[in-house]
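Chain A is the first sequence line, chain B the second, and so forth, proteins listed ahead of strands; every chain is numbered from 1.
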Protein chains: 2
Amino acid sequence: MAQKIKLSTIADALGVSTATVSLALRDSPLVAEATKERIKAHARQMGYIYNRRAASLRTSKSGIIGVVVHDIMNPFYGEILKAIETELDRSRHTFLLSNHYDNVEKQRDFLDTLLQLGADGVIMSPAIGTPLDDIDLVLRNGLPVVLIARSIPRARLPVFRGDDAFGTGLATKHLISLGHKRIAMIGGTDDTSTGRDRFQGYLQAMEKAELPVKPEWRIPGPRTKQAGFEAASEFLALPDKPTAAVCWNDLVAIGMMNGIRRAGLVPGIDISITGYDDLEEAAIATPALTTVWNGQPEVGRRAARALLDRIDGVKDQSGTLELIRPELHIRQSTSPVKERN
Amino acid sequence: MAQKIKLSTIADALGVSTATVSLALRDSPLVAEATKERIKAHARQMGYIYNRRAASLRTSKSGIIGVVVHDIMNPFYGEILKAIETELDRSRHTFLLSNHYDNVEKQRDFLDTLLQLGADGVIMSPAIGTPLDDIDLVLRNGLPVVLIARSIPRARLPVFRGDDAFGTGLATKHLISLGHKRIAMIGGTDDTSTGRDRFQGYLQAMEKAELPVKPEWRIPGPRTKQAGFEAASEFLALPDKPTAAVCWNDLVAIGMMNGIRRAGLVPGIDISITGYDDLEEAAIATPALTTVWNGQPEVGRRAARALLDRIDGVKDQSGTLELIRPELHIRQSTSPVKERN
DNA sequence: CTGAAAGCGCTTACAG
DNA sequence: CTGAAAGCGCTTACAG
């Protein structure tokens with residue numbers, strides 16, 4: 001590997017100062033056009049590599065934005081990340097990604113790394129049980145935070161997420177309108193705002209229709225395809241078996257449809273199923289999944305925009321809560337009730 | 001936000017030098033135990049944040065390892081990433097992730113960022129058409145590179161991937177052993193080593209069994225569920241319709257099974273299907289997918305290990321090619337041929 | 001339009 | 001075991 005080229009190498013070679021080279025490479029109007037061209041050409045030819053650590057040490061801006069979510073392999077987050085990536089690319093920020101797997105320690109390590117690297121901001125879907133102290137530490141050190149998908153109780157932070165109660169309400173009412181009376185709610189946890197809200201939306205819709213809700217009809221827990229698949233047998237063994245299920249998300253719904261089919265029943269005909277999120281996969285599942293669009297691209301885009309605005313000092317909207325309004329997408333996994341004994 | 005705490009703040013407060021503080025915080029044996037404790041306690045109490053850019057500027061180590069793949073939303077890469085993450089966490093490296101979407105420019109931008117940040121190494125599944133020059137630039141600047149999943153022709157780099165030709169050979173032979181004679185190969189591109197190898201494995205198995213291969217039976221392109229779903233109708237419209245399909249990967253296979261079911265046929269009975277990769281999802285698809293295990297955890301683990309060894313100067317194994325031996329996992333999506341019409 | 005100089009916050013020889 | 005000093009490679013007032 002050749003001798004390291006730095007600003008002073010170029011400055012010396014061309015007989016100018018490092019200040020001029022620095023300015024020229026960043027296209028400053030302070031440098032004469034001809035000088036600029038000469039410097040840029042030489043830098044290119046020498047294979048000069050800009051040292052961002054040095055610049056960052058001096059300016060205390062790093063161009064790094066951190067993003068932490070539960071698990072990037074979950075397509076729900078994947079779809080949000082794609083939107084964030086698109087926004088950040090446009091602003092030439094580098095984004096540093098991490099999973100916390102709902103492990104508060106792991107999340108804290110990552111936030112620490114961001115602080116050490118002098119990150120410009122962080123977008124996070126907070127781990128279950130994130131203490132306010134962890135957020136305070138970050139804010140005290142001047143790192144702006146924007147939340148996605150989940151809120152943290154009592155934290156004054158901008159948050160972008162869907163209106164979960166409204167969403168499961170839509171799904172539940174849809175099933176009720178198809179004549180279903182015994183409707184289960186499968187998956188999710190009451191440890192997150194999302195979990196509580198989705199369950200509430202279902203409960204309220206049932207109550208409003210004056211339909212009874214048996215405690216056994218709530219099978220909490222499942223959040224993945226695998227878990228949804230396993231929950232199918234539990235569901236099918238329920239006494240006074242429900243004819244429909246509102247699922248926590250599309251993954252659980254798709255897993256459950258697979259499980260139902262394995263048991264010899266036809267999902268969408270024998271049992272109606274709704275999902276949540278409207279992942280790309282929902283439309284090509286068989287039967288195509290009736291689900292609630294949860295605005296992933298909107299969440300990602302707006303969160304990234306809000307953070308960038310904040311970094312650029314455009315505005316400080318701490319405490320903003322933007323609920324994206326979900327939409328019901330009706331497909332083939334729900335159909336009029338067909339009473340079976 | 002409070003005054004920034006730095007080494008000298010602590011040094012001044014305790015009446016020692018910054019050198020001592022620096023050493024103490026890194027637990028150097030050069031500092032007396034009592035002094036160390038005093039310094040650490042004070043640092044903790046003051047909320048000191050280590051400035052990694054400053055340290056990195058001085059030491060020219062950053063603790064950052066870059067990882068670029070085609071698309072992290074693809075669970076094949078997701079499963080590899082999980083293994084890499086586990087290895088790197090252990091060594092306290094931060095990993096910087098990016099998708100290149102097979103866009104050479106985007107990949108180059110990312111490599112550039114890594115160079116600017118003084119990354120310690122990079123693990124990449126190179127974009128289609130990656131020029132040797134891009135790799136040379138990175139190597140010339142002292143950044144070690146390890147490849148996963150795909151090779152770059154003529155690049156002397158360690159690469160970790162599955163033995164693709166052997167793998168599709170396994171799948172094809174399995175179908176032949178079930179009596180299938182007309183077997184299609186769906187998806188993948190001949191623009192990557194992987195694509196060429198998988199097609200070759202299929203071809204060779206067919207030839208060895210003296211079965212004819214019609215050009216129409218090769219439907220190149222699909223690599224996602226969506227595309228596999230769409231390819232189903234193309235497949236079903238084939239003249240002299242095949243009774244089985246070797247699919248590029250599990251995503252294509254699962255998409256195709258959905259498409260076949262939509263057309264009123266039963267995948268696994270009417271048409272036998274094989275996947276590739278053995279994603280977690282393969283086992284819970286319905287029917288459960290017969291597929292080829294492609295060693296994602298092994299690929300990730302070994303690639304990370306190799307890079308870390310390289311960084312620690314343990315060894316330089318440029319040119320190593322580690323082919324992980326695939327295994328056939330037989331499930332319900334393949335069954336003895338049942339001639340129709 | 002250009003240059004000389006200071007400083008960002010660390011770590012590393014070197015001296016004691 | 002501890003300290004004084006130099007230097008990593010930039011950028012930013014400031015002066016001209």
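B/R53 pairs by the salt bridge (charged side-chain N to carboxylate O under 4.0 Å, His left out) definition with nothing, not counting sequence neighbours. By the side chain to side chain contact (heavy atoms under 4.5 Å, CB included) test, B/A83 pairs with no residue at all, sequence neighbours left out. Residues meeting the side chain to side chain contact (heavy atoms under 4.5 Å, CB included) test with B/R26, sequence neighbours left out: B/S22, B/L23. Every residue two or more places apart in sequence or in another chain that forms a salt bridge (charged side-chain N to carboxylate O under 4.0 Å, His left out) with B/R223 is listed here: B/D102. Residues forming a side chain to side chain contact (heavy atoms under 4.5 Å, CB included) with B/L57 (at least two apart in sequence, or on another chain): A/N51, A/A54, A/L57. Remark: A/T194 engages A/R150, A/D164, A/T192, A/R198, A/W248 in a side chain to side chain contact (heavy atoms under 4.5 Å, CB included) (not counting sequence neighbours).
Proximity of A/S17 to the phosphate of C/dT2: no side-chain N or O atom is located under 4.0 Å from OP1 or OP2.
Within the structure, every pair that satisfies the side-chain hydrogen bond (donor to acceptor under 3.5 Å, both in side chains) test and touches residues 37-46 of chain A, not counting sequence neighbours, is listed here: A/D27-A/K40. Residue pairs meeting the salt bridge (charged side-chain N to carboxylate O under 4.0 Å, His left out) criterion with at least one partner in residues 74-89 of chain B, sequence neighbours excluded, are A/D71-B/K82, A/K106-B/E85, A/K106-B/D89, B/E87-B/R90, B/E87-B/R305.
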Let me check something: any side-chain donor-acceptor pairs from residues 107-114 of chain A under 3.5 Å, sequence neighbours excluded? List them with distances.
{"from": "A/Q107", "atom 1": "OE1", "to": "A/A127", "atom 2": "N", "distance (Å)": "2.8"}
{"from": "A/Q107", "atom 1": "NE2", "to": "A/T130", "atom 2": "OG1", "distance (Å)": "3.0"}
{"from": "A/R108", "atom 1": "NE", "to": "A/D134", "atom 2": "OD1", "distance (Å)": "3.3"}
{"from": "A/R108", "atom 1": "NE", "to": "A/D134", "atom 2": "OD2", "distance (Å)": "3.1"}
{"from": "A/R108", "atom 1": "NH2", "to": "A/D134", "atom 2": "OD2", "distance (Å)": "3.4"}
{"from": "A/D112", "atom 1": "OD2", "to": "A/Q116", "atom 2": "NE2", "distance (Å)": "3.4"}
{"from": "A/T113", "atom 1": "OG1", "to": "A/D109", "atom 2": "O", "distance (Å)": "3.0"}

Per-nucleotide protein contact string for nucleotides 7-15 of chain D (B base, S sugar-phosphate only, - none; heavy atom under 4.0 Å): BBBBBB---
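For DNA chain C, the residues of residues 31-46 of chain A within the heavy-atom distance limit of 4.0 Å (strictly under) are A/V31, A/A32, A/T35, sorted by number.
Among the heavy atoms of the strands lying under 4.0 Å from A/G15 are primed sugar atoms or P, OP1, OP2 only; no base atom is included.
Scanning DNA chain D for stems, defined as runs of 3 or more consecutive Watson-Crick or G-U wobble pairs whose donor-acceptor distances all fall under 3.5 Å, gives the following ranges: C:1-3 with D:14-16, C:5-12 with D:5-12, C:14-16 with D:1-3.
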